[in-house]
Trainee: 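Sharing a structure, written as structure tokens. Questions coming.
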Amino acid sequence: MKLKYSREMKVGILAVIAVFLMYFGFNFLKGVNIFSATNSYYAAYTHLNGLTEQAPVYIKGYKVGQVDKIYYDFTDENAFSVAFSIDKAIALPCGTQTALIADGLLGGSALQLNLPDESNGTFYAKGDTLPAVIVPGLLDNLQDEMLAQLSSVLTKVDSLMATVNQQLEGDHISRTLAQIDNATRDLAVVSGQLKTAMNTQVPAILDDAQGAVADIRGFSANLGKVDIDNTIHRVDSMVSNLQTLTASINSADGTIGLLLNDKELYLSLANTVASADSLLVDLKANPKRYVHFSLFGNKDKKK
């Protein structure tokens, strides 16, 4: 027996197939495997750091689920309640933490399930709320370090500005500017004097230098005309004569040599000088002994 389908039935069957394909495709794009069973859990956070629905859930870097729904209540301290599901075959031992981590460098976030090192044999049930922690990412660490460095730099800038303000409030700047002004004026005066010297004294000095160079050149020319060999020959003759004279003086045969080298002659001359000196002394002391003078004749002679 051949079944006949009406047009309306065919349209209904196609609509059901289209809806199933849309549901399957939508969940596939979200990363949900509708053919695998999952268990749902919850975690509460004060802030989410950009966590969104369909964000992945990892265990040791392996994706085991995703974030299904995010609920918020800003009147509560933990304003966000995150519902996530993982593979039903994975049992979470008590003590497992749900860490909010940075996922990539673009600012996304994900959940990381940190299993405890030791298990006491108990496990979380479906629908339980797991303890939540927030792990700062690389950008957060960089931001904290940059903020700390920026704070240090701002402190130094404040100190520098305070020092500058103190300098500006005092008379240091005005005195420094006055000293700079005086130094500039002194430089202007020195520059004027140097310019005047360059225009007046330097040409005269150059003329004198040129005259001195000309004199030196003339002296050199005259020196070239001198008979050096003849002059040296005369000097040699003079030195030879002096050597002959010196030898004659030192010789005991000559008169000068005898005068210089004869000790007895020296002693005789010394005695003679001493006797002459004694005679002069006695002559000064007793002149009448040696000179006789009278205005009335030679009475003393008669006596």
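All heavy atoms count here, side chains included; hydrogens, waters and symmetry mates do not.
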Trainee: So, taking the atom named CG in Leu150 and the one named OG1 in Thr155, what distance separates them when rounded to the nearest 0.5 Å?
Mentor: 9.0 Å

Trainee: Would you say the side chain of Val239 lies within less than 4.5 Å of the side chain of Gln243, judging by non-hydrogen atoms?
Mentor: yes

Trainee: For residues Val64 and Leu111: do they belong to one hydrophobic cluster (side chain heavy atoms under 4.5 Å, members Ile, Leu, Val, Met, Phe, Trp, Tyr)?
Mentor: yes

Trainee: Let me confirm one number: the SG-CG distance from Cys94 to Leu130, rounded to the nearest 0.5 Å.
Mentor: 9.0 Å

Trainee: Quick one: does Ser237's side chain have a donor or acceptor within less than 3.5 Å of a partner on His233's backbone?
Mentor: yes

Trainee: In Å and rounded to the nearest 0.5 Å, what is the NE2 to CG distance from His47 to Leu100?
Mentor: 7.5 Å

Trainee: Can you tell me if OH on Tyr72 sees more than 12 non-hydrogen neighbours from other groups inside 6.0 Å?
Mentor: no

Trainee: Determine the interplanar angle of the Phe80 and Phe74 rings, folded into 0 to 90°, and report it as parallel if under 30°, tilted if 30 to 60°, perpendicular if over 60°.
Mentor: perpendicular

Trainee: For residues Ser119 and Thr122, report the shortest heavy-atom separation together with the two atoms involved.
Mentor: OG-O, 4.2 Å

Trainee: Taking all heavy atoms of Tyr71 and all of Tyr42, pick out the closest pair and write down the distance.
Mentor: CE1-CE2, 4.3 Å

Trainee: Rounded to the nearest 0.5 Å, how far apart are CG of Asp236 and CD1 of Ile232?
Mentor: 7.5 Å

Trainee: Which heavy atom of Ser40 sits nearest to which heavy atom of Asp68, and what is that distance?
Mentor: OG-OD2, 4.1 Å

Trainee: Determine, using the 4.5 Å side-chain heavy-atom cutoff (strictly less than), whether Val235 and Leu242 are members of one ILVMFWY cluster.
Mentor: no

Trainee: Give me the one residue out of Asn78, Val82, Ile70, Val133 that meets side chain to side chain contact (heavy atoms under 4.5 Å, CB included) with Tyr45.
Mentor: Val82

Trainee: Closer than 3.5 angstrom, by distance alone: can the side chain of Asn199 be matched with the main-chain N or O of Lys195 as a donor-acceptor pair?
Mentor: yes

Trainee: Let me confirm one number: the CG-CG distance from Asp103 to Asn49, rounded to the nearest 0.5 Å.
Mentor: 12.5 Å

Trainee: Does Ile101 belong to the same Ile/Leu/Val/Met/Phe/Trp/Tyr cluster as Phe84, with side-chain heavy atoms less than 4.5 Å apart forming each link?
Mentor: no

Trainee: How far apart are the closest heavy atoms of Gln112 and Gly61, and which atoms are they?
Mentor: NE2-N, 3.7 Å

Trainee: Evaluate Tyr41 against Thr98 for side chain to side chain contact (heavy atoms under 4.5 Å, CB included), listing each step before the verdict.
Mentor: CA-CA 10 Å; Tyr41 300 93; Thr98 307; over 6 Å; no

Trainee: Give the intermediate values and the outcome of side chain to side chain contact (heavy atoms under 4.5 Å, CB included) for residues Leu92 and Ile86.
Mentor: CA-CA 10 Å; Leu92 299 178; Ile86 63 173; 3.7 Å; yes

Trainee: Keeping Thr184 on the side-chain end and Ile180 on the backbone end, is there a donor-acceptor pair under 3.5 Å?
Mentor: yes

Trainee: Can you see which heavy atom on Pro116 is nearest to which on Pro93, and at what distance?
Mentor: CD-CG, 3.7 Å

Trainee: Look at the side-chain heavy atoms of Ile, Leu, Val, Met, Phe, Trp and Tyr, link any pair under 4.5 Å apart, and say whether Met198 and Val189 land in one connected group.
Mentor: no

Trainee: Give a yes or no on whether Tyr62 atom OH has more than 12 heavy-atom contacts from other residues, nucleotides or ligands under 6.0 Å away.
Mentor: no

Trainee: Do Asn182 and Arg185 have side chains that get closer than 4.5 Å, going by heavy atoms?
Mentor: yes

Trainee: Just so I know, are the side chains of Val67 and Thr52 near enough to count as touching, which here means a heavy-atom distance under 4.5 Å?
Mentor: no

Trainee: For the backbone of Leu187 and the side chain of Ser191, can you confirm whether one donor and one acceptor N or O come within less than 3.5 Å of each other?
Mentor: no

Trainee: So, taking the atom named CD1 in Ile59 and the one named OG1 in Thr96, what distance separates them when rounded to the nearest 0.5 Å?
Mentor: 8.0 Å

Trainee: Check Ala43 against Ala132 and note the closest heavy-atom contact, atom names and distance.
Mentor: CB-CB, 4.2 Å

Trainee: May I ask whether Leu51 and Val135 are part of the same hydrophobic cluster, defined by side-chain heavy atoms of I, L, V, M, F, W, Y residues being less than 4.5 angstrom apart, directly or through others?
Mentor: no

Trainee: Could you check whether any side-chain N or O of Ser85 sits under 3.5 Å from a backbone N or O of Thr38, counting only pairs where one atom can act as donor and the other as acceptor?
Mentor: no

